[in-house]
Amino acid sequence: MRAVDIIAAKRDGKELSREEIEFLIRGYLDGTVPDYQVAAWTMAVFFRGMNAAETAALTDVMLRSGRVIDLSPIPGPFVDKHSTGGVGDKTSLILAPLAAALGIRDPMMSGRALGHTGGTLDKLESIPGYRTALSVEEFRAILVKDGFAMTGQTREVVPADRLLYALRDVCSTVESIPLITASILAKKVAEGAEALVFDVKYGCGAFMKEAEQAKDLARSLVTTGQAMGKKIIALLTNMDEPLGNMVGNFLEVEESLDCLEGAGLPGTPGPGDLMEVSLELGARMAVLGGKAGDAAEGRVLCEDCIAGGKPRDLFLRNVKSQGGDPEKLLELRGRWRSPICGEIRVPPDPAGSAGYIQRIDAWQVGHAAVSLGVGRNRTEDQVSPTAGIRFHKKRGDPVKAGEPVMTLWSATEKGLAAALSRLEGAVTYGPAPPAPRTLILTEIQSEGSPEAAGPVPEGVR
Ligand code: URA
């Protein structure tokens with residue numbers, strides 16, 4: 001077998017056998033297939049796609065590239081959630097301690113920043129000392145102690161995703177349904193979760209721009225995951241606008257902590273959109289973990305649990321368990337920022353004396369954040385913990401000429417200039433408030449009751 005023939009077969013739209021997929025992935029891992037051939041193959045998959053059998057084979061080959069974590073000695077239930085990637089999407093940092101506080105164990109294996117989207121591991125590692133490269137033994141011990149543990153792909157567990165994920169990031173082959181399906185499910189099956197909630201994003205800031213594409217991705221995740229024995233609920237959530245008011249690694253840790261202290265809960269000031277999505281996802285985790293009979297009951301449980309403060313305490317406890325310094329985190333909160341600072345302000349007189357923000361383009365914000373140092377342009381790039389963006393105004397807010405809309409913090413002058421020029425056209429203004437946005441479009445479940453949730457419009461409170 002030769003890698004070049006496998007690439008050509010996919011380039012020409014042919015179906016690959018499991019043996020061919022295995023030859024390529026195993027060869028990549030042992031160094032007999034170079035990364036430029038794997039990069040070419042991912043591009044062929046990007047254009048030609050994969051059928052269900054190929055997707056299942058790729059997922060299984062990636063899963064078996066390392067150890068599958070055995071959680072059987074630990075009492076469950078084990079439920080995890082994973083997002084397909086967004087801008088300002090920090091729900092994992094809220095949901096893992098929330099699930100743990102509800103009595104659900106969350107064995108969470110996440111990724112780094114990918115393309116213009118943020119990565120849970122990069123966010124967590126912005127906490128001084130926090131380690132995400134856990135051995136399997138450490139992962140299990142922390143899961144028992146805190147009720148959740150947060151790790152990344154390692155040389156031991158899903159090493160194939162560790163390499164492919166970073167390669168796709170810099171080769172522009174992230175936006176592929178079979179590659180995303182295999183990447184996510186290989187991690188989720190390896191970590192040992194019994195049931196999974198997927199936050200499948202659609203919109204300009206997501207990898208799937210259209211809702212129909214996102215539904216295809218959700219179906220691919222549900223069908224492939226179900227065949228691997230997992231119970232799954234996928235929510236389709238909107239990613240046209242950044243989620244919450246902060247984009248950036250440490251900034252997003254701070255905002256998650258705010259939410260764990262109740263910010264954005266119904267009737268409470270704070271990032272309502274972020275909390276809305278987190279609560280709806282948390283409600284499904286509660287259902288899958290057997291803590292609630294339906295999503296409505298699960299949602300009440302989640303709201304009450306956050307208000308009670310236990311998830312916040314568990315988050316700080318986990319910071320310590322994973323090598324971080326909770327005292328330092330609290331001390332740096334609200335003031336640890338990159339030194340080079342800029343602003344986007346409402347341009348002179350956009351709509352008479354006042355107007356409303358119609359839209360903040362999440363795709364542009366995500367790319368601006370990469371320029372600031374939040375993500376990577378090359379695999380070897382180091383991300384900045386303290387770079388990022390804070391929104392003072394969001395979609396639907398009334399604004400006056402000259403008011404600040406965003407503050408930017410950058411690792412470099414060049415990065416700030418690039419981000420400012422990108423963000424100039426990212427905000428749209430208009431004379432009247434925009435129509436409410438639907439935050440949660442639909443729900444797809446493994447048992448086959450699609451579209452059970454119905455839309456949840458933003459601005460319901
Ligand atoms: N999240 C993942 O883990 N993998 C992808 O390919 C995209 C999002």
Is [Y] close to [X] at the side-chain level, that is, under 4.5 Å between some pair of heavy atoms?
| X | Y | value |
| --- | --- | --- |
| Pro178 | Val45 | yes |
| Val374 | Trp409 | no |
| Pro242 | Ile360 | yes |
| Asp273 | Glu241 | no |
| Arg317 | Lys145 | yes |
| Val427 | Gln364 | no |
| Thr407 | Ile389 | no |
| Ile233 | Phe198 | no |

* Asked: Does the side chain to side chain contact (heavy atoms under 4.5 Å, CB included) test come out yes or no for Glu303 and Leu265, once each step is laid out?
  -> CA-CA 7 Å; Glu303 286 183 20; Leu265 276 175; 4.2 Å; yes
Inter-residue atom distance [X].[atom1] - [Y].[atom2], 0.5 Å rounding:
| X | Y | atom1 | atom2 | result |
| --- | --- | --- | --- | --- |
| Glu191 | Leu143 | CD | CG | 9.5 Å |
| Met108 | Leu93 | CE | CG | 8.0 Å |
| Asp161 | Met109 | CG | CE | 9.0 Å |
| Leu257 | Glu254 | CG | CD | 8.5 Å |
| Met285 | Cys302 | CE | SG | 8.5 Å |
| Ile444 | Leu217 | CD1 | CG | 9.5 Å |

Counting N and O atoms only, with roles assigned by atom type, does the side chain of [X] sit under 3.5 Å from a partner on the main chain of [Y], one being a donor and the other an acceptor?
| X | Y | result |
| --- | --- | --- |
| Asp106 | Ala100 | no |
| Asp397 | Lys394 | yes |
| Arg395 | Gln358 | yes |
| Asp169 | Gly115 | yes |
| Thr154 | Val157 | yes |
| Glu261 | Arg312 | no |
| Asp294 | Glu297 | yes |
| Thr438 | Ile440 | no |
| Thr84 | Lys201 | yes |
| Glu194 | Phe78 | yes |

Any salt bridge between [X] and [Y], counting N to O under 4.0 Å?
| X | Y | result |
| --- | --- | --- |
| Lys310 | Asp313 | no |
| Lys393 | Glu403 | yes |
| Glu175 | Arg168 | no |
| Arg333 | Asp258 | yes |
| Glu255 | Arg390 | no |

Atom of [X], atom of [Y] and distance for their closest heavy-atom approach:
| X | Y | answer |
| --- | --- | --- |
| Val319 | Pro326 | CG1-N, 3.9 Å |
| Asn249 | Ser384 | ND2-O, 3.1 Å |
| Gly244 | Lys90 | CA-NZ, 4.1 Å |
| Leu121 | Gly152 | CD1-CA, 3.6 Å |
| Pro311 | Leu260 | CB-CD2, 3.7 Å |
| Asp146 | Leu314 | O-CD2, 3.8 Å |

Heavy atoms from other residues, nucleotides or ligands near [atom1] of [X] exceed 12 (cutoff 6.0 Å):
| X | atom1 | result |
| --- | --- | --- |
| Glu331 | CD | yes |
| Lys414 | NZ | no |
| Lys209 | NZ | yes |
| Arg359 | CZ | yes |
| Glu343 | CD | yes |
| Arg155 | CZ | no |

* Would you please test Leu274 and Glu252 for side chain to side chain contact (heavy atoms under 4.5 Å, CB included) and show each step? => CA-CA 11 Å; Leu274 169 62; Glu252 293 193 42; over 6 Å; no
* Structure fact -> Exactly one candidate in Ile184, Ile232, Thr181 meets side chain to side chain contact (heavy atoms under 4.5 Å, CB included) with Thr224; the answer is Thr181
* His367 vs His116 aromatic rings, parallel, tilted or perpendicular, using cut-offs 30° and 60°? ->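 Correct class here is parallel.
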* Asked: Between Gln213 and Tyr202, does a side chain to side chain contact (heavy atoms under 4.5 Å, CB included) hold up when you go through it step by step?
  -> CA-CA 8 Å; Gln213 282 178 303; Tyr202 70 96; over 6 Å; no
